[in-house]
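No experiment lies behind these values; they were computed from the predicted model shown. Each chain gets a letter, A, B and so on, in the order its sequence line appears, and its residues count up from 1.
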Amino acid sequence: MIPATFECYRPKTVDEALSLISQYKDEAKVLAGGQSLIPMMKLRFARYPVIIDIGGLDELRFIKEEDGKIKIGALTKHREVEKSELISSKIPVLSYCASEIADIQVRNMGTIGGSLAHADPSADFPPVMLVLEADVVAKSQNGERTISVKDLFVSVFETSLKEDELLTEVQIPIPDNNMKFGYKKFPHPATGFAVVNCAVGLKMNGNTVEDIRVAFGGMTTSPYRDYELEEKLKGKELNDSLIEEVSDSIGEGKDIISDYYADADYRKHVAKTFFKRLANELRGS
Amino acid sequence: MEISLTVNGEKHTVDVPPNTLLVYLLREVLNLTGTHIGCDTSSCGACTVIMNGKAVKSCTVFAFQADGAEIITVEGLAKNGELHPVQEGFMEKHGLQCGFCTPGMLVLAYELVNTEEDLSEEKLRKALKGNLCRCTGYQKIVEAIQYAKEKV
Ligand SMILES: Cc1cc2nc3c(=O)[nH]c(=O)nc-3n(C[C@H](O)[C@H](O)[C@H](O)COP(=O)(O)OP(=O)(O)OC[C@H]3O[C@@H](n4cnc5c(N)ncnc54)[C@H](O)[C@@H]3O)c2cc1C
Ligand code: FES
Ligand code: FES
């Protein structure tokens, strides 16, 4: 399969890329690792007159610790996130999450910025980024702004990034040592994408929940934090019956996806099961 | 677009349209037909090649993304008539039947034996996720790669 032809630019610096993006606006599409864009172009689900290949912007390929945060350049490959010793020592759940994406070949090309900008509701990173309360940095010729990941995902393949903005960096506050994180995904056997995925962060004080964060992907058109569920648990003594009771509300009142992979009831069931398992694993029983 | 790349140690400069995929550049322009096209939809791994030391699916990489890169295809594994340990492993352990998936398997195995310390069966089966084989049931492929790891 051959994608429709296009004009191609290969900027060497972020400034050059931003100027091309503002020049071509919606005629142009940014190409990072290409692991989502190229399949779509080959199937001709998408065609663009201009492709701006940002793959050569080495200034956006880094993993560093600064101001209590782990900062990851948008062009950092999934495999680099998976293998980073800094990440596995400070945020092990993120290394694990990266290792669950697709296969080695895709992880060698696909980038963290591309994954977040693509906003696939079944992608691996989003729920984990939501519980880690990460931010992304968006840059345009007019300047730079920070967007909280919870405000990034708008709908399927749709984010709050503006047409002339490039996602340049992901910033993750290094979590409190006492907060434990876990991630589970039920992958579709053929595509590897999550039918449902779930990330939980839990901080206990004895038997009491001091803080909890829960996020789901694959359930609705965007991955989401379940703040209502969190509120029902904060300050409470965590036991089997409470976990069972609160998990009943997961997915209620939401427009849960039903498709040929799984219907809404099945998705809710998987989400509840993941939440219960993670809550139990993280509280240490 | 003009693209320069090194393939199996040989430098090439080619002029191809921007929508050319790396696999077509290799197979149809450079006549290196060892790299196979199985699914053409990023799933099967038959088109796997090494780009700057990393295994990638060449049906899901534009040729221009390989500008300036070092590519190794299955044709580049053997040196001076001597098989690479991964090739020897596939031969010794019967890691293939029809052979269609084999170029991709060998090339992925090349990255694995060079970069991974732990090639336990569990790790290997996860690492082979992007390479489909319709014949062997993977058991012999796992044994072949473990054999090669001992030799490198
Ligand atoms: C076989 C296969 C299996 C996969 N399985 C999984 C899986 O299990 N889990 C998972 O999470 N993902 C999976 N993926 C997707 C993969 O993770 C992609 O790498 C990722 O979604 C996109 O990253 P990319 O760098 O390849 O982006 P590209 O494909 O280059 O771009 C994707 C989109 O993001 C935009 N974009 C990219 N970078 C930026 C930026 N810096 N600023 C603004 N916009 C940008 C592009 O314009 C485009 O719209 C799979 C892909 C394949 C081919
Ligand atoms: S031909 Fe490239 S992955 Fe199947
Ligand atoms: S040997 Fe036939 S597909 Fe693998």
Note, B:F62 side chain near A:I51 side chain (heavy atom, < 4.5 Å)
no
Correct closest heavy-atom pair for A:P3 and B:L21 would be CD-CD1, 4.3 Å
Is the number of heavy atoms from other residues, nucleotides or ligands within 6.0 Å of NZ (B:K129) greater than 12? yes
Nearest heavy-atom approach of B:Q65 to A:R10 is CA-NH2, 4.0 Å
Applying a strict 4.5 Å limit to non-hydrogen atoms, the region of B:L108 in contact with chain A is side chain
### Query
Run the salt bridge (charged side-chain N to carboxylate O under 4.0 Å, His left out) check on A:R79 and B:E116 step by step: do they pass?
CA-CA 13 Å; A:R79 190 105 164 117; B:E116 295 292 310; 2.9 Å; yes
Looking only at heavy atoms, the pair that brings A:G34 and B:T60 closest together is O-CG2, 4.1 Å
A:Q105 vs B:N131 side-chain heavy atoms within contact, under 4.5 Å: yes
Okay, A:L31 and chain B: the region with an atom under 4.5 Å from a heavy atom over there is side chain
One option among A:L43, A:D53, A:D103 has the most heavy-atom pairs under 4.5 Å with chain B, and it is A:D103
Check: B:K126 and A:E100: salt bridge (charged side-chain N to carboxylate O under 4.0 Å, His left out), yes or no, with the steps?
Finding: CA-CA 9 Å; B:K126 192 174 173 193; A:E100 286 291 290; 3.0 Å; yes
Quiz prompt | NZ/B:K11: more than 12 non-hydrogen atoms of other groups inside 6.0 Å | solution = no
**Q.** Over 12 foreign heavy atoms within 6.0 Å of CZ, B:R125
**A.** yes
* Has the side chain of A:N108 got a donor or acceptor atom that lies under 3.5 Å from a matching backbone atom of B:A55? -> yes
Evaluate whether atom CZ of B:F100 has more than 12 neighbouring non-hydrogen atoms of other residues, nucleotides or ligands under 6.0 angstrom away.
yes
- Message: I'd like to check B:N19 versus A:M41 (side-chain heavy atoms, cut-off strictly below 4.5 Å). Are they in contact?
- Response: no
Applying a strict 4.5 Å limit to non-hydrogen atoms, the region of A:A190 in contact with chain B is neither
Closest non-hydrogen atoms of B:M1 and A:C8, given as atom of the first, atom of the second and distance, are CE-SG, 3.7 Å
Under 4.5 Å to a heavy atom of chain A? For B:Y24 that would be side chain
Quiz item: Under 4.5 Å between any side-chain heavy atoms of A:M1 and B:T41, yes or no?
Solution: yes
Cut-off 4.5 Å, heavy atoms of chain B, and the answer for A:K83 is side chain
Looking only at B:S43, B:C59, B:P17, the option with the highest number of non-hydrogen pairs under 4.5 Å against chain A is B:C59
Okay, A:T191 and chain B: the region with an atom under 4.5 Å from a heavy atom over there is neither
Is it the case that the side chain of A:K42 and the backbone of B:S42 share a donor-acceptor pair, with hydrogens and angles ignored and the cut-off at 3.5 Å?
no
### Task
Walk me through it: do A:E80 and B:K54 pass the test salt bridge (charged side-chain N to carboxylate O under 4.0 Å, His left out)?
CA-CA 11 Å; A:E80 291 163 350; B:K54 308 279 181 204; over 6 Å; no
If one checks every heavy atom of B:L112 against chain A at 4.5 Å, the contacting part turns out to be side chain
